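Note that this is a predicted model, so its numbers are computed, not measured. Remember, it's 1-based here, ligands and their atoms both numbered in the order they're listed. Heads up: numbering here begins at 1 and tracks the sequence.
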Amino acid sequence: MNLEEFRNFTIQDYHALFARGELSPSALLEAFFQRIAEVDPLLHAFLFVNRENALEQARRLEKEWKDRDVYPPLWGIPVAVKDNICTLGIPTTCGSRILEGFVPPYNATVIERLERAGAIVIGKTNMDEFAMGSSTENSAFGPTRNPFDLNRVPGGSSGGSAAAVAAFETPVALGSDTGGSVRQPAAFCGIVGLRPTYGRVSRYGLVSFASSLDQIGPMARTVEDAIALFEVISGKDERDSTCAPYPPFSREEIPPQEDIRTMRIGLPREYFSEGVDPRIVKVITAVLRELEKEGLELVEVSLPHTDYALEAYYIVAPSEASSNLARYDGVLYGVRRGGDQGLQDMYFQTRSFGFGPEVKRRILLGTYSLSSGYYDAYYLKGMKVRTLVRRDFEEAFATCHLLVTPVSPVFPFFLGERTENPYEMYLADVFTIPSAMAGVPSIAVNCGYEDGLPVGMQIIAGPFQEGVLFALARFVERMLSLPLPFPKIGPERRS
Ligand code: GLN
């Protein structure tokens with residue numbers, strides 16, 4: 001089977017072939033496993049390939065659904081899962097040595113829901129350790145490469161999921177987004193990535209980084225497929241008290257195509273400033289002109305606290321991380337080191353061996369800003385800034401339906417280019433952090449290429465307005481009708 005023939009397929013298209021008996025879930029899986037075998041030695045998007053289990057599950061589905069032609073929404077569809085989402089019986093490392101060898105005894109809620117809808121977990125994807133990073137270079141197991149240029153990063157922290165979808169090693173994937181980790185890698189790899197409203201998707205079974213910010217989101221080749229995944233994974237969950245008590249997202253919430261033309265789109269001044277690569281502004285501006293011709297109204301708006309959001313995030317997120325990561329002490333999970341010298345010695349040796357430098361930096365930073373005497377000066381101040389950032393968005397949404405911005409101020413950078421200076425790395429997320437701090441949903445969609453590298457557009461909506469978000473994202477996708485990626489990946493592309 002030639003997988004390239006499916007490059008423009010959506011889940012619906014696979015289902016049409018299944019229904020006609022022209023394709024089976026096992027044959028589809030085999031094709032993706034073949035692609036993984038060919039390209040992943042160069043890309044390193046996967047930390048674990050779930051071959052045997054997945055094929056067994058496919059055969060089971062085939063037996064159960066033999067004489068039916070109406071399928072559950074994700075029936076037979078392979079899904080790659082970021083390695084910080086717990087999968088029963090399948091290793092979950094979070095890209096960290098400290099969880100090496102950890103096999104969860106339960107499934108995350110999202111995995112349960114995916115499987116109930118007929119999806120098949122094809123493997124676990126590489127990530128920055130504990131989702132801390134923007135390039136996947138912080139993985140303890142080595143970086144992932146960008147399918148469009150193997151010398152460049154795929155973004156992060158969900159870089160493995162993004163690269164796998166872009167290289168067509170899987171049709172869809174899950175990522176997690178704390179400050180941009182779904183949207184920024186999606187943009188760097190030319191695919192679609194959604195960060196849902198905080199609380200719209202259960203975090204049960206997602207390894208916590210910063211609990212007030214973490215959200216699981218779909219990553220896909222088309223807006224259509226992102227919607228299909230989101231319908232399945234969203235909705236209230238008794239096991240996560242921060243999960244909003246609303247029913248799952250339904251595509252009925254998406255306004256009709258004609259309504260888009262009457263929408264008012266805000267362009268935040270702070271996101272089109274000097275710091276942005278002019279080639280990115282050029283691509284996005286061209287798309288905005290097209291939208292204007294279609295009848296949409298564009299207005300300049302201001303989100304005045306944008307500059308402070310990043311700084312506040314790097315207080316709030318490490319603070320929560322320092323508390324969440326206290327549980328990795330060699331007692332309950334993963335690796336254990338030392339102990340001959342007593343308990344303190346075991347903690348010390350386990351944590352100094354198990355955590356990488358970025359994780360240690362955040363634990364130190366977070367512990368400091370939560371400590372008595374500094375709490376008011378740092379953490380509390382950070383939370384106050386967060387409120388101001390949220391209000392910026394509330395005010396903007398009082399005058400417009402959606403906001404459009406670049407996802408990232410820069411193109412995918414070279415491996416090693418930003419690893420020396422953590423602050424440089426943090427800046428890769430300046431445009432994705434504010435909306436995460438505000439808890440509002442946003443989506444990255446590819447809107448063109450420049451010098452062979454994808455450029456992502458970010459659309460931001462008010463809380464629980466994913467329907468409107470999808471409407472514009474789909475409109476842009478249809479208007480541009482860019483070919484879906486099927487990059488040639490071979491050793492000749494690596495210098
Ligand atoms: N790059 C940001 C960080 O390092 C965001 C990461 C994320 O969203 N998980 O914290």
Side-chain angles (χ1 to χ4, degrees), residues 81-85 94-96 125-139 143-144 153-162 173-188 193-196 198 201 203 206-219 309-325 355-366 369 382 386 389 407-410 412-413 417-419 421-444 456 458:
V81 176
K82 187 178 181 179
D83 210 23
N84 59 350
I85 299 174
C94 255
S96 180
T125 57
N126 200 13
M127 54 181 286
D128 286 298
E129 188 175 4
F130 283 100
M132 298 174 187
S134 311
S135 69
T136 318
E137 291 167 294
N138 292 339
S139 167
T144 297
V153 303
S157 62
S158 313
S161 287
L174 289 184
S176 72
D177 190 306
T178 302
S181 283
V182 160
R183 294 160 288 159
Q184 185 257 21
F188 276 18
L194 169 76
R195 175 193 168 84
Y198 182 80
V201 175
R203 291 185 298 111
L206 168 68
V207 178
S208 297
F209 158 16
S211 313
S212 75
L213 292 152
D214 300 340
Q215 270 295 284
I216 294 171
M219 304 178 81
L310 186 88
E311 273 75 5
Y313 171 89
Y314 279 100
I315 296 292
V316 173
S319 298
E320 295 183 17
S322 72
S323 162
N324 277 324
L325 271 58
F355 289 137
E358 182 61 26
V359 175
K360 286 179 183 156
R361 183 177 299 120
R362 306 243 183 149
I363 292 174
L364 288 172
L365 207 78
S369 54
R386 188 173 185 180
V389 170
V407 176
S408 160
V410 293
F413 37 89
E417 197 182 322
R418 292 180 179 231
T419 41
N421 180 348
Y423 192 69
E424 279 272 298
M425 190 68 88
Y426 298 170
L427 285 175
D429 287 300
V430 263
F431 295 159
T432 48
I433 279 177
S435 53
M437 290 286 269
V440 297
S442 57
I443 194 167
Q458 175 171 233

Test of proximity, Arg362 against ligand 1: N or O pairs below 3.5 Å: yes
Please confirm whether Gly179 comes within less than 3.5 Å of ligand 1 when only nitrogen or oxygen atoms on both sides are compared. yes
Ser134 neighbourhood, listing ligand 1 atoms whose heavy-atom distance to it stays under 4.0 Å: 1 (N)
Pairing donors with acceptors under 3.5 angstrom, does anything connect the side chains of Ser208 and Asp214? no
Would a distance-only check, ignoring hydrogens and angles, find a side-chain to backbone donor-acceptor pair under 3.5 Å from Gln184 to Val407? no
To the nearest 0.1 Å, how far is atom 1 (N) of ligand 1 from its closest protein heavy atom, and which atom is that? Asp429 OD2, 2.5 Å
Is there a side-chain contact between Arg362 and Tyr314 (heavy atoms, below 4.5 Å)? yes
Cut-off 3.5 Å, side chains only: do Ser135 and Arg418 have a donor facing an acceptor? no
Going by atom types alone, do Lys82 and Ser158 pair a side-chain donor with an acceptor below 3.5 Å? yes
Under 4.0 Å from any heavy atom of Ser157, which atoms of ligand 1 are there? 9 (N)
Value rounded to 0.5 Å, distance of CD1 in Ile216 from CG in Leu194: 12.0 Å
Backbone or side chain, does any N or O of Lys82 fall under 3.5 Å from an N or O of ligand 1? no
Please tell me if the side chains of Glu311 and Tyr426 come closer than 4.5 Å, counting only heavy atoms from C-beta onward. no
Per-atom filter on ligand 1: closer than 4.0 angstrom to a heavy atom of Met132 are 4 (O)
Close approach, Glu358 and ligand 1, non-hydrogen under 4.0 angstrom: no
Do Arg195 and Thr432 pair up side chain to side chain, a donor and an acceptor below 3.5 Å, judged on atom types alone? no
Below 4.0 Å from ligand 1: does a non-hydrogen atom of Tyr314 turn up there or not? yes
Where ligand 1 meets Tyr313 - atom numbers and elements under 4.0 angstrom, heavy-atom basis: 2 (C), 3 (C), 5 (C), 6 (C), 10 (O)
What atoms of ligand 1 come closer than 4.0 angstrom to any heavy atom of Ser181? 5 (C), 6 (C), 7 (C), 8 (O), 9 (N)
Atom indices of ligand 1 within 4.0 angstrom of Ala131 heavy atoms, with elements: 6 (C), 7 (C), 9 (N)
